[in-house]
Visitor: 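Attaching a single structure in structure tokens format; questions to follow.
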Amino acid sequence: MSDVKKLHIAVIGSGGAAMATALKAAERGARITLIERGTLGGTCVNTGCVPSKIMIRAAHIAHLRTASPFDAGLSAQAPVVDRAQLLRQQQGRVEELRDAKYEGILRDHPAITVLHGEARFVDAQHLTVKLKEGGEQTVRFDRAFIGTGARPAEPPVPGLADTPYLTSTSALTLDTLPQRLIVIGASVVALELAQAFARLGSRVTLLARSRLLSQEDPTVGDAVEAAFRREGIEVLKQTQASRVDYTDNEFSVDTNAGTLRADQLLVATGRTPNTEALNLAGIGVETARGAILVNEHLQTTVPGLYAAGDCTDQPEYVYVAAAGGSRAAVNMTGGEATLDLSAMPAVIFTDPQVATVGLTEAEALKQGFSVETRVLDLENVPRALVNFDIGGFIKMVAERDSGRLLGVQAVAGEAGELIQTAVMALRARMTVQAIGDELFPYLTMVEGLKLCAQTFTKDVKQLSCCAG
């Protein structure tokens with residue numbers, strides 16, 4: 001490690017990937033200069049996971065106060081929603097977490113120097129930083145890490161750029177609720193926010209270019225769509241906006257399903273990597289549609305330059321970013337680490353939640369597996385029955401001959417909590433037979449994994465309540 005002591009690493013960004021890199025590299029003896037052009041902490045804590053999950057949780061509580069499966073015996077009444085007060089609570093928690101997990105750590109770290117400004121590569125060993133307080137500073141480095149994240153994409157819809165449309169960032173800080181909201185998009189962010197606004201009292205119309213969650217197993221999108229329709233969210237599939245106008249505080253959106261009007265328009269059609277200011281092409285770092293290409297060691301096409309997180313071609317999850325960042329730090333400081341995404345969990349915080357890991361049936365077949373699958377409706381899961389909430393399912397994909405688990409897709413109230421058990425099973429190369437033989441606690445959603453595994457060989461309808 002004596003050589004590492006002399007190593008100087010430039011880290012661009014301060015989100016999940018960049019922080020993991022800076023802390024791991026410092027732990028391994030390197031000296032770090034961290035450069036951030038905006039707010040410390042990146043997307044997740046400031047404008048992504050944290051504020052959105054707070055808003056979604058508040059909306060969930062509002063929904064239960066309005067309607068629940070127990071309304072025959074419990075009085076229900078739609079709550080009065082004070083959005084400004086909810087926003088203050090939300091942003092207060094965001095600030096606490098930003099200070100505790102980002103600003104405070106950086107402030108007190110002897111090996112990390114923070115520069116506030118915008119970085120641009122001069123060559124593979126130098127960058128210039130246009131400082132926020134004015135002037136420029138040149139930073140010479142031995143290795144550099146790019147963790148600049150991504151921002152909401154702006155689709156090329158005529159008229160859109162001239163309107164005050166919402167992105168996920170601005171939608172999360174609205175202090176009033178729109179009476180009518182149009183959401184363009186049918187993936188994670190669009191669905192989570194559409195449902196949250198609907199549950200807080202907005203009348204929501206969702207435009208999907210094809211169907212909901214088109215990258216997932218079709219049954220997943222169908223289950224979420226059914227839940228949305230039950231809650232009064234208007235879902236327009238195979239619908240595209242051809243023009244957007246804004247006059248007299250009203251949006252009008254021309255589509256192949258007619259012209260729609262609303263007080264607010266939320267555009268959530270994906271994210272764009274924040275890489276255009278870095279001069280990557282000038283120094284030979286290859287990108288695809290702005291995303292930095294990295295290998296399994298998180299190295300770019302230029303030796304000594306590494307990247308991870310949403311600015312790369314990796315899946316856009318903060319835990320993937322952090323895992324990539326820490327492994328890049330190991331590799332920049334003389335170690336050898338790779339990022340294995342073969343058992344990567346993904347969760348969508350709609351209600352019911354969507355959680356997946358491993359291969360879908362279609363992906364497994366495409367990869368040449370001979371597969372066997374089972375779908376267990378939640379009416380066969382005792383926890384869902386006692387909750388009086390049986391909308392959803394668990395699907396397992398297994399290799400036909402060996403029974404080895406290849407993937408799980410779940411749509412259930414707490415799908416995010418059960419998926420990690422499936423991750424561990426997948427990582428351990430367990431068979432569905434072995435999963436079916438394991439002890440699972442009764443009256444938990446995760447028991448659904450055991451029951452689904454058992455359906456490969458049994459009719460679970462014929463089993464007693466907590467049969468092994």
Side-chain angles (χ1 to χ4, degrees), residues 53 56-57 59-74 76 191-192 195 199 212-213 216-233 345-358 360 373-398 405 407-425 432 435-468:
K53 299 318 162 273
I56 288 165
R57 185 65 179 174
H60 179 66
I61 303 290
H63 176 69
L64 290 179
R65 289 181 179 180
T66 309
S68 88
F70 297 95
D71 287 349
L74 295 172
L191 299 188
E192 287 184 351
Q195 189 178 37
R199 288 178 157 195
L212 302 197
L213 301 172
E216 302 292 342
D217 187 299
T219 52
V220 170
D222 291 347
V224 174
E225 183 188 339
F228 275 23
R229 291 190 190 282
R230 281 196 299 274
E231 293 184 21
I233 298 169
V347 182
I348 302 171
F349 291 88
T350 47
D351 183 16
Q353 290 176 2
V354 175
T356 60
V357 67
T360 63
T373 67
R374 292 289 186 275
V375 177
L376 182 77
D377 291 325
L378 290 194
E379 65 197 28
N380 297 300
V381 178
R383 175 79 249 181
L385 287 170
V386 300
N387 286 352
F388 289 82
D389 187 5
I390 56 170
F393 65 88
I394 297 169
K395 179 172 181 175
M396 281 186 165
V397 182
L405 184 68
V408 173
Q409 297 85 45
V411 178
E414 296 292 332
E417 304 299 333
L418 69 79
I419 202 65
Q420 194 61 25
T421 300
V423 171
M424 303 307 228
V432 289
I435 295 166
D437 286 341
E438 280 294 332
L439 291 171
F440 280 74
Y442 185 55
L443 287 176
T444 59
M445 285 306 297
V446 75
E447 188 197 14
L449 288 176
K450 175 190 177 84
L451 292 165
C452 189
Q454 289 180 329
T455 62
F456 282 82
T457 53
K458 297 175 177 149
D459 177 0
V460 294
K461 286 183 169 59
Q462 301 303 313
L463 294 178
S464 71
C465 245
C466 35

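Excluded from the calculations below are hydrogen atoms, water molecules and symmetry mates; all remaining heavy atoms, backbone and side chain alike, are included.
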Visitor: Can you establish whether the number of heavy atoms outside Arg57 located under 6.0 Å from its atom CZ is more than 12?
Guide: no
Visitor: Give the minimum heavy-atom separation between Asp217 and Gln409, together with the two atoms involved.
Guide: OD2-OE1, 4.2 Å
Visitor: Is the shortest side-chain N to carboxylate O distance from Glu447 to Arg383 below 4.0 Å?
Guide: no
Visitor: Does Leu376 form a side-chain contact (heavy atoms from CB on, under 4.5 Å) with Met396? I'd like the steps, not just the answer.
Guide: CA-CA 9 Å; Leu376 182 77; Met396 281 186 165; over 6 Å; no
Visitor: Under the criterion side chain to side chain contact (heavy atoms under 4.5 Å, CB included), which of Asn380, Ile390, Leu378 is the partner of Leu385?
Guide: Ile390
Visitor: Ignoring hydrogens and angles, tell me if any N or O in the side chain of Gln195 forms a donor-acceptor pair with the backbone of Asp351 under 3.5 Å.
Guide: yes
Visitor: Taking all non-hydrogen atoms of both residues, which atom of Ala355 and which atom of Gly416 are closest, and how far apart?
Guide: CB-N, 4.0 Å
Visitor: Does Asp377 reach the main-chain N or O of Glu379 with its side chain, forming a donor-acceptor pair under 3.5 Å?
Guide: no
Visitor: Taking side chain as C-beta onward, heavy atoms only, is Thr219 less than 4.5 Å from Val375?
Guide: no
Visitor: Indicate whether the side chain of Ser68 and that of Asp71 have a donor and an acceptor atom separated by less than 3.5 Å.
Guide: yes
Visitor: Shortest non-hydrogen contact from Val432 to Ala453?
Guide: O-CB, 3.3 Å
Visitor: Taking side chain to side chain contact (heavy atoms under 4.5 Å, CB included) as the test, write out the residues that go with Gln353, two or more places apart.
Guide: Val347, Phe349, Glu414, Ala415
Visitor: Does the side chain of Phe440 reach to within under 4.5 Å of the side chain of Leu451, using non-hydrogen atoms?
Guide: no
Visitor: Give the minimum heavy-atom separation between Val224 and Leu213, together with the two atoms involved.
Guide: CG2-CD1, 4.2 Å
Visitor: Do side-chain atoms of Arg374 reach the backbone of Phe456 as a donor and acceptor pair under 3.5 angstrom?
Guide: yes
Visitor: Which value, rounded to the nearest 0.5 Å, describes the distance between Leu212 atom CG and Leu191 atom CG?
Guide: 5.5 Å
Visitor: Using side-chain heavy atoms (C-beta onward) and a distance below 4.5 Å, is Ile394 in contact with Leu418?
Guide: yes
Visitor: Donor-acceptor check, side chain of Lys450 to backbone of Glu438, threshold 3.5 angstrom: yes or no?
Guide: yes
